[in-house]
Chemist: 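To start, I am sharing the structure in question, which I have written as structure tokens.
In what follows, every chain begins at residue 1, and chains take the letters A, B, ... in the order their sequences are listed.
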Amino acid sequence: MTIIFFSGTMDKALAMLILATTAASMGMDVEVFFTFWGLNFLKKAKSFKNKNILQKMMEFMMPSSRNKLPLSSMNMLGAGPVMMKKLMMSKKMPSIEELFEMAKQFKVKLIACSTSCGIMGVGPENMIEGVEIAGATTFLSKAKNAKINLFI
Amino acid sequence: MTIIFFSGTMDKALAMLILATTAASMGMDVEVFFTFWGLNFLKKAKSFKNKNILQKMMEFMMPSSRNKLPLSSMNMLGAGPVMMKKLMMSKKMPSIEELFEMAKQFKVKLIACSTSCGIMGVGPENMIEGVEIAGATTFLSKAKNAKINLFI
Amino acid sequence: MTIIFFSGTMDKALAMLILATTAASMGMDVEVFFTFWGLNFLKKAKSFKNKNILQKMMEFMMPSSRNKLPLSSMNMLGAGPVMMKKLMMSKKMPSIEELFEMAKQFKVKLIACSTSCGIMGVGPENMIEGVEIAGATTFLSKAKNAKINLFI
């Protein structure tokens with residue numbers, strides 16, 4: 001299975017993680033390609049080094065980590081994501097962070113889109129460990145032979 | 001064909017219904033998995049029973065039925081969907097409700113994501129009849145053997 | 001590969017164009033189906049002819065061309081797309097227009113969804129040259145035999 005994770009919102013990150021960890025636990029090979037806003041998911045922290053002025057402005061306005069992602073609907077200036085996290089805790093669901101740990105243990109492959117990295121000024125030093133950087137060609141070669149391809 | 005219906009907006013519901021009914025009319029097996037905001041599509045009405053306080057707040061803010069879904073773009077506080085419905089009527093297009101009836105007649109399988117149901121506090125009693133509840137494993141087993149998989 | 005281009009935002013248009021041109025350059029057959037807001041990508045210019053009052057209102061509020069598309073996130077009343085274009089220029093990336101030219105040279109097939117055209121009141125005279133108009137049946141027949149299908 002391949003997933004293009006484009007949107008970088010908390011709710012879609014949950015969908016991506018649940019699908020990726022479940023598929024991996026069923027024995028499938030899973031690769032997730034992080035593009036555009038999805039790159040925010042892989043960030044270590046905000047960083048303004050080696051960025052031009054436009055990239056610095058973008059970085060300033062974007063969420064600082066995968067735990068600060070907005071919701072795609074009913075974000076309500078940040079109240080929505082807080083409610084959603086509390087809801088998940090009240091239902092004893094694993095958090096985004098826990099699901100992500102699971103994904104890594106299950107060897108879900110994490111790939112950052114090189115074009116997006118170039119636009120946003122994100123390099124390996126800004127991302128968590130274990131992320132590969134590759135282009136659309138790499139994605140397409142994998143997707144061509146995958147049974148499931150999703151753009152989230 | 002499998003479709004994950006995640007977004008729960010009126011325009012994406014139309015896309016999902018047109019694809020599902022057309023595919024079914026061509027003889028394809030079609031399964032639609034309703035997750036997250038997509039669950040609103042299957043609701044009978046707003047319900048606050050058996051919900052914790054956070055789920056009640058969520059329910060309060062969410063659309064009451066599949067006829068009250070927002071648009072993903074140009075929603076304009078509800079004016080967009082009204083315009084869209086009038087536009088479709090003026091063009092003699094079937095409504096969301098009529099397309100949904102068609103989908104059921106064509107035996108499109110409706111599946112509610114069990115994890116999403118858990119988060120939102122939605123049970124079989126809150127949903128229309130004929131909906132199955134199942135998890136990501138069920139989706140992935142179907143999708144693996146499907147010719148078309150879409151995340152909408 | 002088939003892509004349904006539904007959203008009609010600038011960032012998703014970039015993703016669609018990068019995937020389509022890369023796949024075509026790898027020798028794959030690529031078809032892009034433009035539906036709903038995605039139709040704005042194919043428009044020549046705003047046009048109010050042969051439209052009913054609702055379609056005129058819609059047209060009035062929609063972007064005038066593929067160079068005026070909003071961002072799906074951080075649009076900031078149009079400041080976001082301007083920043084994104086400048087960013088891409090500063091990184092010497094091809095623009096939307098250049099990528100689109102490439103796609104056409106690589107024979108990426110452009111198909112406008114007939115149902116969406118009917119709703120929005122868009123005809124061949126409102127669209128750029130080289131666009132075919134077809135329905136969901138056409139899309140599904142292609143997608144059934146494609147290796148990669150994405151809904152963007």
Chemist: Between C:L14 and chain A, which part of the residue has a heavy atom less than 4.5 Å away: side chain, backbone, both or neither?
Modeler: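 For C:L14, side-chain heavy atoms alone lie under 4.5 Å from chain A.
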Chemist: Measure distances from A:N149 to the heavy atoms of chain C and classify the residue's part below 4.5 Å as side chain, backbone, both or neither.
Modeler: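 Backbone plus side chain of A:N149, per the 4.5 Å heavy-atom cut-off to chain C.
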Chemist: For A:L150, is it the side chain, the backbone, both, or neither that has a heavy atom closer than 4.5 Å to a heavy atom of chain C?
Modeler: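 Only the backbone of A:L150 comes within 4.5 Å of chain C.
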Chemist: How about CD on A:E129, more than 12 heavy atoms from neighbouring residues, nucleotides or ligands closer than 6.0 Å, or not?
Modeler: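 No - once you tally the heavy atoms of other residues, nucleotides and ligands closer than 6.0 Å, there are 12 at most.
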Chemist: What residue in A:I152, A:N52, A:T35, A:I53 has the most heavy-atom pairs under 4.5 Å with chain C?
Modeler: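 Max contact count across the listed options: A:N52.
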Chemist: Under 4.5 Å heavy-atom distance to chain A, tell me which part of C:I4 shows up: side chain, backbone, both or neither.
Modeler: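 For C:I4, there is no contact with chain A at all, as no heavy atom is under 4.5 Å.
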Chemist: So which heavy atom on C:I133 is nearest to which on C:M127, and how close?
Modeler: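 Between these two residues, the closest heavy atoms are CD1-CE, 3.6 Å.
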Chemist: Using heavy-atom distances under 4.5 Å, tell me whether A:S141 contacts chain C through its side chain, its backbone, both, or neither.
Modeler: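 For A:S141, heavy atoms of backbone and side chain both lie under 4.5 Å from chain C.
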Chemist: Start with the C-alpha distance between C:M10 and C:K85, add both sets of side-chain angles, then the distance that settles side chain to side chain contact (heavy atoms under 4.5 Å, CB included), and finish with yes or no.
Modeler: CA-CA 10 Å; C:M10 185 201 169; C:K85 276 181 213 167; 3.6 Å; yes
Chemist: For each of C:S73, C:A146, C:S90, C:S72, tally heavy-atom pairs with chain A at distances under 4.5 Å, and name the one with the top tally.
Modeler: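 Most pairs with chain A among the choices: C:S73.
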Chemist: Looking only at non-hydrogen atoms, find the nearest pair between C:M1 and C:A23 and report the distance.
Modeler: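 Closest approach of C:M1 to C:A23, heavy atoms only: CE-CB, 3.5 Å.
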Chemist: Measure C:M93 against the heavy atoms of chain A and call it side chain, backbone, both or neither at under 4.5 Å.
Modeler: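 Side chain only.
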Chemist: Does a sphere of radius 6.0 Å around CE in C:M61 hold more than 12 heavy atoms from other residues, nucleotides or ligands, not counting ones at 6.0 Å or beyond?
Modeler: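 Counting other residues, nucleotides and ligands, CE of C:M61 exceeds 12 neighbours.
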Chemist: So which residue, C:M88, C:K147, C:M28, C:K86, ends up with the most heavy-atom pairs under 4.5 Å with chain A?
Modeler: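 Ranked by contacts with chain A, first place is C:K147.
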Chemist: Give the minimum heavy-atom separation between A:G135 and A:S114, together with the two atoms involved.
Modeler: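 Nearest heavy atoms, A:G135 then A:S114: CA-OG, 3.3 Å.
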Chemist: Assign the ring pair C:F5 / C:F41 to parallel, tilted or perpendicular, where the plane angle (0 to 90°) is split at 30° and 60°.
Modeler: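 C:F5 and C:F41: perpendicular rings.
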Chemist: Given a strict heavy-atom distance threshold of 4.5 Å, which part of A:T137 is in contact with chain C: side chain, backbone, both, or neither?
Modeler: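 Contact with chain C involves both backbone and side-chain atoms of A:T137.
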